[in-house]
Amino acid sequence: MTSVAGIKIFTGNSNHDLVDKICENLNVKQAKCKVETFSDGEIAIDIAETVRGFDVYVVQSTSNPVNKNLMECLILLDALKRASAYRINVVIPYYGYARQDRKTKAREPITSKLVADLLTTAGAHRVVAMDLHAGQIQGYFNIPVDHLTAVPYLANYFKPIVKNPENFVVVSPDLGGVTRARQFANELNLPISIIEKRRPKPNVSEVMNIIGDIKGKEAILVDDIIDTAGTICQAAVALKEAGAVKVYGCATHGVLSGPAIERIANSELEKFVITDTINLKDENKIEKIDIVSVAPIFADAIKRINSNTSVSAMFD
């Protein structure tokens, strides 16, 4: 494998496994950098090699612990800007604070815009993200944004399972995820169904109606973020009660906080498939959860950005 010249890959402490795989795909060594903390909890950065004139990439998911990982990213960007890096690209596999993307009631923040401003001010020249919770977040940046998707990789996982397309249906767990479900269904040539729900408060949902034919079929629930897993597990029960034979689940970002692991373990789901945009701790790796690596997608995007070729062509 030919290595990519003129780039340096940096990271904080959010997801070392994914960064190692990206570097392996690029055939480059991770740049020397220590991201530690002072005794009072402040973040300390020590970049141990020159970056002057280099195309640099900071790979950092803003996952749990969200604020610490976000600050690590911002301080890394600031350090690289002050060290005269030629072009600073921030690669955010999971973009945290994305769920507050608009005002739905009085006196509510728009945190996804705030994070966009912070990244730009810190020194980012370009952002590479995967399956943003809301597409309009791209417009919160005044710098280029490459929006990648894991949908083809997740669909590839199910290709050996979907032997007879007539027996399967792709299900969106809410009305807002219909476009994602349609894209996933197109990869497998399957019909889609939709669950209509309402959310009385954060992390709580109620299934209202199921739109589409799912009786006697195997259903594949598709979502972008799974946090406490209440929605997807509740949806699996509703689909079974409506006549589904089996229910699978998949999502790009496995936040999996609070009771999520226990809920998935005890759920009606046959399998739950996520990507490695967020590092899953060993103690949370249960039999029902399978992980698909998206490192090749990010590596390919980095190659294309570095060579000034089309990123969107990856998905044509």
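We count residues from 1, following the sequence as given. Note that these values count all heavy atoms, side chains included, but never hydrogens, waters or copies made by symmetry.
Considering only residues two or more places apart in sequence or on other chains, Tyr248 meets the ring pair (Phe, Tyr, Trp, His ring centres under 6.0 Å) condition with Phe158. Evaluation of the ring pair (Phe, Tyr, Trp, His ring centres under 6.0 Å) rule for Tyr57 yields no partner, not counting sequence neighbours. In this structure, the side-chain contact (heavy atoms from CB on, under 4.5 Å) partners of His125, at least two apart in sequence or on a different chain, are Arg87, Ile88.
Taken to the nearest 0.5 Å, the CG atom of Leu18 stands 6.5 Å off from the OG atom of Ser61.
You'll find the side chain of Ile7 reaches within 4.5 Å of the side chain of Ile302, heavy atoms only. Taking the side chain as every heavy atom from C-beta outward, Val90 and Leu76 never approach each other to under 4.5 Å.
A distance-only check finds no donor-acceptor pair linking the side chain of Thr228 to the backbone of Gly258 [under 3.5 Å].
The residue from Val170, Ile232, Val273 that alone fulfils the side chain to side chain contact (heavy atoms under 4.5 Å, CB included) condition with Val222 is Val170.
Salt bridge status for Lys240 with Glu268: present, with a side-chain N to carboxylate O gap under 4.0 Å. Classification of Lys303 and Asp300 as a salt-bridged pair fails, no side-chain N sitting under 4.0 Å from a carboxylate O.
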Exercise. Are Tyr95 and Ile92 close enough, and set up right, to give a side chain to side chain contact (heavy atoms under 4.5 Å, CB included), and what steps lead you there?
Worked result: CA-CA 6 Å; Tyr95 187 95; Ile92 311 178; 3.9 Å; yes
Which atom pairs, donor and acceptor, lie under 3.5 Å between side-chain atoms of residues 182-193 and protein residues at least two apart or in another chain?
residue : atom : partner : partner atom : Å
Asn186  : ND2  : Arg182  : O            : 3.3
Ser193  : OG   : Ile211  : O            : 2.5

Side-chain donor-acceptor distances from residues 42-53 under 3.5 Å, at least two apart:
residue : atom : partner : partner atom : Å
Glu49   : OE1  : Lys32   : N            : 2.8
Glu49   : OE2  : Lys8    : NZ           : 2.8
Thr50   : OG1  : Arg52   : N            : 3.4
Arg52   : NH1  : Ser84   : OG           : 3.4

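No side-chain N or O of Asn69 forms a donor-acceptor pair with one of Asn13 less than 3.5 Å apart.
The salt bridge (charged side-chain N to carboxylate O under 4.0 Å, His left out) pairs that include a residue from residues 114-131 are Lys113-Asp117, Arg126-Asp146, where partners are two or more places apart or lie in different chains.
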